[in-house]
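See structure below.
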Amino acid sequence: MGSEELKPFIPLKKPKVEKVVEKELPALNDPDSVVLRFAPGPSGPLHLGHTRALALNNYYKKRYGGKLILRLEDTNPNAIDSDAYEMIESDLNWLSIKADEIIIQSDRIELYYQEIRKILEKGGAYVTFSDAEEWRDLKNQKKAHPDRERSPKVQLTEFESLLVEGKGIVVIKTDLEDPNPALRDFVALRVVEEPHPRQSTKYRLWPLYNYAVAVDDYHLGITHVLRGKDHLNNTLKQKWIYKYLGWDEPNYIHYGLVSIPNTNLKTSKIRESIKEGEFSGWDDCQLATLKGLARRGYRPETFLRYWENSGLKEVDIKFSWQNFDAVNKDIIDSESRRLFFVSDPIEYTIETKNTLVKDAPWHPGKPELGKREEQIKSGSKIYIQKSDVEAFDDNKLVRLKNLCNVVVNGRKLSFEGMQPKKGSQIIQWCSSHTPIDLFYPDGTIVKGIVEDNISGLDGETVQFERVGFVRLEGKKAFFLHR
RNA sequence: GCUCUCGUGGUGUAGUCCGGCCCAUCAUCUCGGCCUUUCGAGCCGAAUACCCGGGUUCAAAUCCCGGCGAGAGCACCA
C-alpha cells in the first residue's frame with residue numbers, strides 16, 4: 001500500500017476543542033441562603049494574611065447574594081487593642097467589603113452563659129476547680145477528673161458560683177477515648193479577672209474560642225464556615241456543642257495554609273517594633289498590614305482578585321509577591337501617569353539656540369491625558385542620574401528623552417538635533433524639579449528629584465520611568481513594584 | 001510521639017467525586033523575537049508538571065494498595 005492508501009488509517013490528532021471555561025471557585029452546597037462570617041480577633045489592624053478569608057467570604061457572598069457578618073472575637077481581655085475595632089472596620093471599608101452586620105462577642109456574654117446552662121443541664125459539660133496541669137494529665141491518660149462525674153444539678157450550682165468567685169473552668173465533655181488527645185474534653189469558659197477594654201469588670205467568666213464560635217455561628221445563622229485548615233480540630237470540637245444543643249451544623253470548608261515569605265505578620269511583634277521606633281506606625285511601608293500596603297499603592301481589587309485566583313484547596317500554598325504584583329500592575333498600569341525620577345542627580349547646563357519644549361506624554365498609551373510640557377531655555381540646568389553619567393564620554397551623543405539629542409562636553413550639554421538617532425542612549429532627566437525621597441519596603445531610602453509636575457498627583461500611583469510604580473505622598477514616594 | 005489533612009511546571013490554578021475528548025488548562029515567572037524615545041505595556045513564540053512503586057483496566061493525573069514527602073493540631077490564645 002502506498003502512503004496515499006494508508007492515509008485513512010493514520011490516527012488523526014483530534015483538533016482541540018477551544019474550551020472557554022469560565023473559571024470560578026467551586027460551588028457551595030445549600031446555596032439558597034448563604035450567611036458567612038469574617039471573624040478576626042481585635043488585636044490589631046488587618047494584614048495581608050487576613051485578606052484571604054475576607055476575599056473568599058466576600059466572593060461567595062456576592063456570588064450567591066448572601067450575607068456577610070463581621071464578628072469581632074474579643075473574649076480574651078488580655079489580647080485586645082481597643083483601637084482595633086475601628087481599624088478593622090476601616091480596613092474592610094478600604095477593601096470595599098461591606099459587612100451586613102457587625103457583631104462584637106463581648107456584647108453577648110449573657111448568651112454564652114445561657115447556652116452553657118443548657119449544656120450543663122444535659123450533662124454535656126462540667127465545672128472543675130482542678131488546676132490546669134492535673135486536669136490535662138488526666139485527660140492525656142484518657143481518665144476523667146472526679147468533678148466530671150457530678151450530677152448536672154451540682155454542676156449548675158458550681159457554675160452560678162463561678163460567675164461571682166473562684167478560679168474554676170467550665171469544660172465541654174467529649175469522648176475521652178478519642179485517639180486524638182486534642183479532641184478530648186475542652187475548656188469552654190474560664191475566669192479572667194483583668195478588666196476588659198469594652199466591658200471593664202462586668203464579667204469575670206469569659207468564653208473561649210471554640211465555645212463562643214459555635215454558639216455564635218448557630219445564633220447568627222451562619223450557613224457556611226470558610227476557614228483555614230488549621231481549624232480542622234476546632235471544627236470537630238465545635239460539633240460537640242452543636243450536638244449537645246441539637247443544632248444543625250453549618251457547612252464547613254477548610255482551605256490550605258498560606259505561607260507568606262519574607263513577611264512579618266505577627267501583630268504582637270509589629271506592635272513591639274512600632275513602640276521601639278523601628279516602624280513609623282501600622283501604616284509603615286515596610287509592613288504587610290493593609291494600611292502599609294495601601295500606602296504603597298496596592299489596590300483593594302488586587303487582594304480580592306489574587307485570592308479568588310488562589311482557590312480554596314486543602315493544599316498548603318506559598319504566597320507569591322511576584323504574582324500579586326502582576327495583578328496589581330495589571331490594574332494600575334493603564335491609569336498611572338509617567339514621570340522622570342533622577343536619583344543622585346548631577347547638574348549639567350544645556351546650550352541651545354532655540355528654546356526647547358519637553359514633549360512627554362503623561363501616559364504613552366493614553367494621548368488623551370495630554371503632555372507634561374516644559375520650556376527649556378539655553379543655560380537651563382539639567383539633572384541626570386549619576387549611574388547614567390558614569391557611562392558618558394566627552395563628545396558622546398545621547399538622547400534626552402522627549403526633548404532632543406545633545407553632545408556631552410564636560411558639564412555642558414549641547415543641542416544636536418531633534419530627530420532621534422537609532423542606537424543612541426536614551427536617558428531620563430529633570431530640569432525644574434522637586435526633591436523627593438523614595439522609600440523601599442526593605443527600609444532603604446533613595447534621595448532624588450522628580451519633575452516639577454507632581455502637585456496634582458498627591459496620593460496617586462505613578463510610574464517613575466525605569467524605576468517602577470510608586471505612590472506619591474508629599475515629598476515622599478513609596479515604592480510599589482516594577 | 002499521637003491525631004488529622006494534602007501531594008499537577010519555579011509559583012498559583014483547571015481537570016481527580018462519575019477513568020477515555022488530557023501527548024494535561026489558564027495566569028505569573030523565565031528565555032527568544034517584534035513593537036516602543038521606559039528596563040513598563042502590548043503582540044508572537046519557546047521551555048518547564050501529573051511525588052515514587054505496584055495493582056485493576058482495552059484505557060489511570062483520575063480507582064485500589066504500599067512507600068515517600070509536605071503541612072497543621074495536640075493552650076484555662078484566636
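In what follows, every chain begins at residue 1, and chains take the letters A, B, ... in the order their sequences are listed. Worth knowing before you read on, the calculation uses all heavy atoms, side chains too, and leaves out hydrogens, waters and symmetry mates.
- Note on A/Lys313: a base of the nucleic acid sits closer than 4.0 angstrom, heavy atoms only.
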Trace of the ring pair (Phe, Tyr, Trp, His ring centres under 6.0 Å) decision for A/Tyr298 with A/Phe324: CA-CA 9 Å; A/Tyr298 285 105; A/Phe324 188 68; 5.1 Å; yes
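- Across all strands shown, B/C29 remains unpaired; no Watson-Crick or G-U wobble contact has both distances below 3.5 Å.
- Figure legend. B/U16 is base-paired to no nucleotide; pairs are counted as Watson-Crick or G-U wobble with both atom distances under 3.5 Å.
- The closest donor-acceptor contact from the side chain of A/Arg338 to the backbone of A/Gln463 lies at 3.5 Å or more, if one exists at all.
- Within the 4.0 angstrom heavy-atom criterion, no nucleotide atom of any strand lies near A/Pro40.
- Nucleotide B/G73 has B/C2 as its partner under the Watson-Crick or G-U criteria, with both atom distances under 3.5 Å.
- Pairing partner, B/U56: none, since no Watson-Crick or wobble contact has both distances short of 3.5 Å.
- Contacts of A/Asn405 with the nucleic acid, taken as non-hydrogen atoms under 4.0 Å apart, are absent.
- Taking the six-membered ring for Trp and thresholds of 30 and 60 degrees, A/His50 and A/His47 have ring planes inclined between 30 and 60 degrees apart.
- Among the atoms of the strands shown, base atoms are found under 4.0 Å from some heavy atom of A/Asn234.
- In this model, the phosphate group of B/A41 is approached by a side-chain N or O of A/Lys329 to a distance below 4.0 Å at OP1 or OP2.
- Using a 4.0 Å heavy-atom cutoff across all strands shown, A/Gln463 reaches at least one base atom of the nucleic acid.
- Of the nucleotides present, B/G7 is the one that pairs with B/C68 by Watson-Crick or G-U wobble criteria, both distances under 3.5 Å.
- Nearest-nucleotide mapping onto RNA chain B: of A/Ala79 and A/Pro179, the residue sitting toward the 5' end is A/Pro179.
- Contact of the A/Trp135 side chain with the A/Asp185 side chain is registered, since non-hydrogen atoms from C-beta on lie closer than 4.5 Å.
- When the P atom is compared between B/U5 and B/C43, the two are found 44 Å apart, to the nearest whole Å.
- Under the ring-ring contact (aromatic ring centres under 6.0 Å, His included) test applied with A/Tyr306, the options A/Trp321, A/Tyr59, A/Phe319 reduce to a single match, A/Phe319.
- Here B/U38 presents its C1' atom at 16 Å from CH2 of A/Trp362, a figure rounded to the nearest Å.
- Atom NZ in A/Lys366 sits roughly 22 Å away from atom P in B/U36 (whole-Å rounding).
- Using a 4.0 Å heavy-atom criterion, one finds that A/Thr128 contacts no nucleic acid atom at all.
- Comparing B/A70 with B/C31, their P atoms sit 31 Å apart, to the nearest whole Å.
- Spacing between atom OH of A/Tyr255 and atom C1' of B/G12 amounts to 16 Å, rounded to whole angstrom units.
- A/Glu451 places no side-chain N or O within 3.5 Å of a backbone atom of A/Cys430 that could act as its donor or acceptor partner.
- B/G55 and B/G71 have their C1' atoms separated by 29 Å, given to the nearest Å.
- Across the P atoms, B/U3 and B/G10 are found 33 Å apart, a figure rounded to whole Å.
- Pair check for B/C23 finds none; no Watson-Crick or G-U wobble contact set falls under 3.5 Å.
- Note: CZ (A/Phe186) to P (B/G73) measures 17 Å, nearest angstrom.
- Heavy atoms of A/Trp206 sit nowhere under 4.0 angstrom from any nucleic acid atom.
- The shortest distance between the side-chain N/O atoms of A/Arg136 and the OP1/OP2 oxygens of B/C76 is below 4.0 Å.
- Looking at heavy-atom distances under 4.0 Å, A/Pro420 makes contact with a base.
- Listed in residue order, the members of residues 316-327 of chain A having a heavy atom less than 4.0 Å from RNA chain B are A/Asp316, A/Ile317, A/Lys318, A/Ser320, A/Gln322, A/Asn323, A/Ala326.
- The aromatic rings of A/Phe340 and A/Trp429 lie tilted to each other, with the angle between the two planes from 30° to 60°.
- Listed for the A/Tyr440 side chain is no donor-acceptor partner under 3.5 Å among the backbone atoms of A/Val446.
- As judged by a 4.0 angstrom heavy-atom cut-off over every strand, A/His254 is placed among residues making no nucleic acid contact.
- In this pair, A/Phe439 and A/Phe478 present their aromatic rings tilted. The plane angle is within the 30 to 60° band.
- One can place CG of A/Asn233 at 16 Å from P of B/C2, the figure rounded to the nearest angstrom.
- Distance A/Leu369 CG to B/G40 P: 21 Å, rounded to the nearest Å.
- Across all strands, A/Ser336 comes closer than 4.0 Å to no nucleic acid atom at all (heavy-atom distances).
- At the heavy-atom level, A/Arg338 lies under 4.0 Å from base atoms of the strands shown.
- As rounded to the nearest Å, B/C63 and B/A47 have C1' atoms that lie 33 Å from one another.
- The CZ atom of A/Phe464 sits 18 Å away from the P atom of B/C39 (whole-angstrom rounding).
- Within 4.0 Å of A/Asp230, counting heavy atoms only, lie sugar-phosphate atoms of the nucleic acid but no base atom.
- Interface remark: the A/Gln428 side chain does not form any donor-acceptor pair with the B/U38 base, using a distance-only criterion of under 3.5 Å.
- For the P atoms, the distance from B/U62 to B/C17 is 9 Å, rounded to whole Å.
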